[in-house]
Each structure stands twice: as structure tokens, then as C-alpha cells.
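Here the structure is laid out as C-alpha cells; the discussion comes afterwards.
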Amino acid sequence: GCISWLIKVISTGQARLITVSNVGPFYFLLTTTFLCGVSAFIIKKGAMKATYGAGMPEVKALLVSDFHHSDFPTIVSFKILCIRLFSLVTAVGSGLSIGIAAPLVHISICTAYTLMNIVPDFGEFLENHAIRKQIFAAAAAVGMTTVFNAPVGGLLLSIELMLNAVNINFVAFNHYLFPHRLEGHF
């Protein structure tokens, strides 16, 4: 919502610059170049490797691997959230044809991680790998829902991400082979 609104405001401003006078296209070129430069400057000065790409590899790594609590500031943090958010708004507002889905999914997971750190009752979720992965998958679904305004698409993404983290053959077949040994594990 807010990101789309900011991008629309920037694009409307650029459209008005074009129609103001004969030098309007030159102003458009200047603002586009300036906003692209600001986006690159934000990422370069932020110096966080997690902001260099789209963000989806980080999301999949968080959902598949069990990271230690000390590894999170390099993958998801409030700093990464701010860098990715402001660089995304300036890059898309400049007119670059880049996708906003993967960065917004990463932003939503960074928001979930930041909330787990800020709210004292949620801090224990960071230590439990299974619950943390479920929260991150739900945050990824929220990010995808905000991009396409499609709650079912977000739900399907969440299921897809969680199915990659669980060995389906183990769950489906070993439950019938060893019914008493698997109770309480799933």
C-alpha cells in the first residue's frame, strides 16, 4: 500500500515535469538518473550483502536452514529492512523495470524479525527453529499478498516455501511404517 503510493507520487511528479515545458523530457531524464543514483547510493553505503540481490535466496535460506541467532543480523535486520525499502522505492519510482515481489517478501520477513526482537513476548520464538520458520513463512505470504493483492497467492507461496523445508516422503510414508515412533514430531 504505502510503497505503491510513494511510487505513484514519484511517477506523477515526473509526468508533470514532462508536460511543464519543452525542457520537460530533460527534467524527466535528470530525475530518473538522480533517483537511480540515490537507490544505488543507499545500497552501497548500507554495505549489507543481503541487499545486493532480489532477496528471495535469503528468504529460502531462512526457511530451509537452521541459522544461529547470531547469523540473523547479516540476513534479516532493521538496517536491511530500511536499506531495501528506501532503495526499492527510489529505484521503482525512477522508472526502472524491476520486480518488487522478492524485495517486498524479504522486507516482510525483516519486519517479522524486527518485531520478534522488539516485543519481549516474541523473543522466545527466535530460539525455536520450527516456530521461527512458520513465522517467516507467514511473513513471506504477507509480503506476496501485498504485492499482488491476492491473499490466496500468498497462502500458496507460504505452502510452497514450507513444503521445501519438509521432506514429504518422510512424512507420508514413515508415518505408516513406524506409527509409534513419530508421534509428537509433526
Side-chain angles (χ1 to χ4, degrees), residues 1-7 42-43 45-92 99-168 170-172 174-175 179-186:
C2 291
I3 293 175
S4 298
W5 178 78
L6 282 172
I7 293 167
I42 290 170
I43 291 175
K45 283 297 180 187
M48 298 295 291
K49 290 189 180 194
T51 60
Y52 291 165
M56 198 52 79
E58 288 83 3
V59 170
K60 288 209 173 211
L62 284 168
L63 294 173
V64 172
S65 303
D66 292 330
F67 288 98
H68 189 265
H69 185 63
S70 62
D71 296 333
F72 285 134
T74 60
I75 303 171
V76 289
S77 67
F78 184 70
K79 182 178 179 181
I80 292 172
L81 174 120
C82 292
I83 292 169
R84 194 170 282 283
L85 180 68
F86 292 121
S87 65
L88 179 67
V89 167
T90 55
V92 175
I100 62 171
L104 279 178
V105 169
H106 193 205
I107 286 170
S108 65
I109 289 182
C110 290
T111 305
Y113 174 76
T114 302
L115 286 175
M116 284 192 282
N117 279 333
I118 292 173
V119 179
D121 295 337
F122 297 157
E124 63 191 35
F125 296 147
L126 285 174
E127 302 303 325
N128 188 340
H129 298 298
I131 291 176
R132 185 184 64 231
K133 286 180 182 181
Q134 290 175 2
I135 290 172
F136 284 164
V142 167
M144 191 59 71
T145 299
T146 59
V147 172
F148 297 113
N149 196 18
V152 176
L155 176 68
L156 291 175
L157 174 76
S158 177
I159 292 171
E160 175 192 351
L161 293 173
M162 286 310 294
L163 288 180
N164 287 334
V166 176
N167 188 350
I168 299 301
F170 178 76
V171 174
N174 285 350
H175 179 69
H180 301 292
R181 292 174 64 194
L182 296 175
E183 285 187 11
H185 290 277
F186 303 106

Closest approach of G143 to V105 (non-hydrogen atoms, all atoms of both residues): C-CG2, 4.1 Å

Calculate, to the nearest 0.5 Å, the distance between atoms CD1 and CG belonging to I107 and L104 respectively. 5.0 Å

If I compare all heavy atoms of C110 with all of S77, which pair ends up nearest, and what's the gap? CB-O, 3.8 Å

Distance (rounded to the nearest 0.5 Å) between F78 CZ and N117 CG: 11.5 Å

Has R84 got a side-chain atom pairing as donor or acceptor with A54's backbone, closer than 3.5 angstrom? yes

Out of curiosity, L88 CG to L6 CG, how far, rounded to the nearest 0.5 Å? 10.5 Å

Can you tell me how far OG1 of T51 sits from CD1 of I42, rounded to the nearest 0.5 angstrom? 10.5 Å

Criterion side chain to side chain contact (heavy atoms under 4.5 Å, CB included) on H106 and M56, from CA distance to verdict: CA-CA 7 Å; H106 193 205; M56 198 52 79; over 6 Å; no

Taking atom OG of S87 and atom CD1 of I43, what is their separation to the nearest 0.5 Å? 4.0 Å

Say whether, by atom type as modelled, one donor and one acceptor occur between the side chain of K79 and the main chain of G46 under 3.5 angstrom. yes

Which heavy atom in S108 sits nearest to a heavy atom in A139, and how many Å separate them? OG-O, 2.7 Å

Across all chains, not counting sequence neighbours, the side chain to side chain contact (heavy atoms under 4.5 Å, CB included) partners of I75 are E58, L62, F67

Enter the distance from M116:CE to I135:CD1 here, rounded to the nearest 0.5 Å. 5.0 Å

Anything under 30° is parallel, anything over 60° is perpendicular, the rest tilted; go ahead and classify F136 against F72. perpendicular

